[in-house]
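Some notes on the structure that comes next.
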Amino acid sequence: MAEDRPTRRYPQNLQGVLRLAVDAGSAAEGPATVEPMSEERKTWLGDALAEVCKGPMDEVEQIKHCLAVLSKEGRREREREGEEERDEEDEDERESAFELLSELCENLDNARDLMTLGGLELCLSQYLCHAQSGLRWRAAHLIAICAQNMSQVQVHLFSIGALPKLLQLTDSDPHPTVRVKALYAVSCLVREQEAGLQAFLSHDGFSMLMRGMQSDNEKLRTKSAFLLLNLLMSHPEQKDTVVSMGMIQQLVSILRTPHADFHEHVLGALCCLVEDCPQGLKECRNPALGLEELLRQLSKELQGKEESQEELDFCERMRVTCFRGQQSEDNGMDR
């Protein structure tokens, strides 16, 4: 009787559904007999699969809902034209929408869906230039999340002109968090991406990184120096370009400022610029730069500090590359 039938529970994931299907096919002992599945069984398994697959479908719906919330901004601005008041609840709602999208788009499929649904164009057209800094930096952060490790999204962002806008925000936005998040997005677009690097170069990106390292924003200094180091390591063919810009003199000037954690990346960048780069090596050896004495002082200060071991390694590497070899050459000339 129906009331005597045990209550069936749907499995919670696809593995459970597959296990159920296997169990159903091997429950009988002895030689397997091929029998058509009952309509009741078909319906139950179909419902179980629908239950398992509902999660991803729900995420797409969440993305659509967030975009609807963010799209209301443009309509409300038109409706409120001439008004000074801003509804704080609406702003909170939009910030929450951005935060949910950033979480969802850690999944590459969701990042692709956001792109397909026009979410990246919305970020660029309405929110990277928004009057509220909280919305500007959240838009930049979302772009970064979508672009990382996703060449399809990167190419799309290049095509809609995202990189120049992000570089501009990094360079000149009045809010420090916006500058940091914009640089994060720039990094996700240009690292390990040849088209991104070329676009970065065409907009004088290395000069932007230098200005970032000279700013009073600690996070921006650190991320700028790290991106410079990463680009020099990934694209050694750019060393001559960077040296010709006067980057070595600027990096040495930074090392003369009060010590900061990002100096480790600065020393790493200098190491890149003297290894397999004759012009960079020549400039570092220029006595007017005073680099040999500076490295000696830095090495002395960093000795015994466990947390500064990598920085000390870079410092010693610079001394060996630039000056110990030079001393040997000079001694050979004297003989």
Side-chain angles (χ1 to χ4, degrees), residues 59-60 62-78 94-95 97-175 177-209 212 223-224 227 231 234-235:
E59 289 184 350
V60 174
Q62 288 179 65
I63 291 172
K64 290 179 178 178
H65 173 73
C66 289
L67 291 179
V69 170
L70 296 174
S71 296
K72 289 189 296 186
E73 166 74 2
R75 294 196 297 272
R76 287 178 178 173
E77 287 300 322
R78 290 190 292 272
R94 292 194 296 273
E95 289 182 355
F98 270 122
E99 289 167 7
L100 178 56
L101 285 174
S102 293
E103 181 180 341
L104 291 171
C105 289
E106 293 282 358
N107 180 308
L108 297 183
D109 290 334
N110 288 337
R112 188 181 295 108
D113 288 334
L114 180 72
M115 176 188 72
T116 303
L117 293 168
L120 297 176
E121 284 89 342
L122 185 64
C123 287
L124 184 63
S125 64
Q126 291 191 31
Y127 286 99
L128 288 184
C129 54
H130 200 279
Q132 298 298 317
S133 61
L135 295 174
R136 290 200 305 280
W137 75 252
R138 285 177 173 84
H141 182 74
L142 177 59
I143 288 173
I145 293 296
C146 292
Q148 59 185 350
N149 305 318
M150 190 73 166
S151 60
Q152 184 181 359
V153 173
Q154 292 168 348
V155 170
H156 179 71
L157 286 165
F158 294 139
S159 71
I160 62 176
L163 186 60
K165 182 60 181 176
L166 291 166
L167 288 169
Q168 179 187 349
L169 290 175
T170 302
D171 219 11
S172 58
D173 195 275
H175 196 280
T177 304
V178 176
R179 297 182 70 184
V180 170
K181 294 295 185 180
L183 181 57
Y184 175 33
V186 168
S187 177
C188 291
L189 279 171
V190 305
R191 290 173 61 184
E192 312 301 333
Q193 169 62 259
E194 185 61 33
L197 177 66
Q198 295 307 315
F200 179 81
L201 293 174
S202 69
H203 289 90
D204 201 18
F206 282 120
S207 293
M208 181 273 294
L209 292 181
K223 291 183 180 298
S224 296
L227 181 55
L231 290 176
S234 301
H235 301 278

Exercise. Say you draw a straight line from CG of L101 to CG of L122; how long is it, rounded to the nearest 0.5 Å?
Worked result: 9.5 Å

For this session: Provide the closest heavy-atom pair for R179 versus L169 in the form atom of the first, atom of the second, distance.
Result: CG-O, 3.4 Å

For this session: Rounded to the nearest 0.5 Å, what's the gap from NZ on K181 to CG on L142? Could you check?
Result: 11.5 Å

For this session: Can you see which heavy atom on A185 is nearest to which on A140, and at what distance?
Result: CB-O, 3.7 Å

For this session: Taking the side chain as every heavy atom from C-beta outward, state whether R191 and Q154 have any pair of such atoms under 4.5 Å apart.
Result: no

For this session: State, to 0.1 Å, how close Q126 and L70 come at their nearest heavy-atom pair, and which atoms those are.
Result: OE1-O, 4.0 Å

For this session: Go through the side-chain N and O atoms of Q132 and H175 and say whether any donor and acceptor fall under 3.5 Å apart.
Result: no

Seminar exercise, completed: The reported gap from CD1 in I143 to NZ in K165 (rounded to nearest 0.5 angstrom) is 10.5 Å

Problem set entry | Matching residue for K223 among V180, V186, T170 - test: side-chain contact (heavy atoms from CB on, under 4.5 Å) | V180

Exercise. Which pairs, with at least one residue in residues 180-200 and sequence neighbours excluded, count as a ring pair (Phe, Tyr, Trp, His ring centres under 6.0 Å)?
Worked result: H141-Y184, F200-F206

Seminar exercise, completed: CE of M115 to SG of C146, rounded to nearest 0.5 Å, is 9.5 Å

For this session: Measure the shortest side-chain to side-chain distance between K64 and L117 over non-hydrogen atoms and say whether it is less than 4.5 angstrom.
Result: yes

For this session: Could you check L197, V153, L163 and say which one makes a side-chain contact (heavy atoms from CB on, under 4.5 Å) with L189?
Result: L163

Seminar exercise, completed: Distance col, row Q62:CD vs L100:CG, nearest 0.5 angstrom, shows 5.5 Å

For this session: Answer yes or no: is there a side-chain heavy-atom contact under 4.5 Å between L128 and Q168?
Result: no

For this session: Can you see which heavy atom on G196 is nearest to which on V190, and at what distance?
Result: O-CG1, 3.5 Å

Exercise. Where is the tightest heavy-atom contact between Q148 and L108, given as atom of each residue plus distance?
Worked result: O-CD2, 4.2 Å

Problem set entry | Closest non-hydrogen atom pair, P164 against H203 | CG-NE2, 3.4 Å

Exercise. Would you say H235 and E194 make side-chain contact, with heavy atoms under 4.5 Å?
Worked result: yes

For this session: Report yes if some heavy atom in the side chain of D113 is under 4.5 Å from a heavy atom in the side chain of L104; otherwise report no.
Result: no

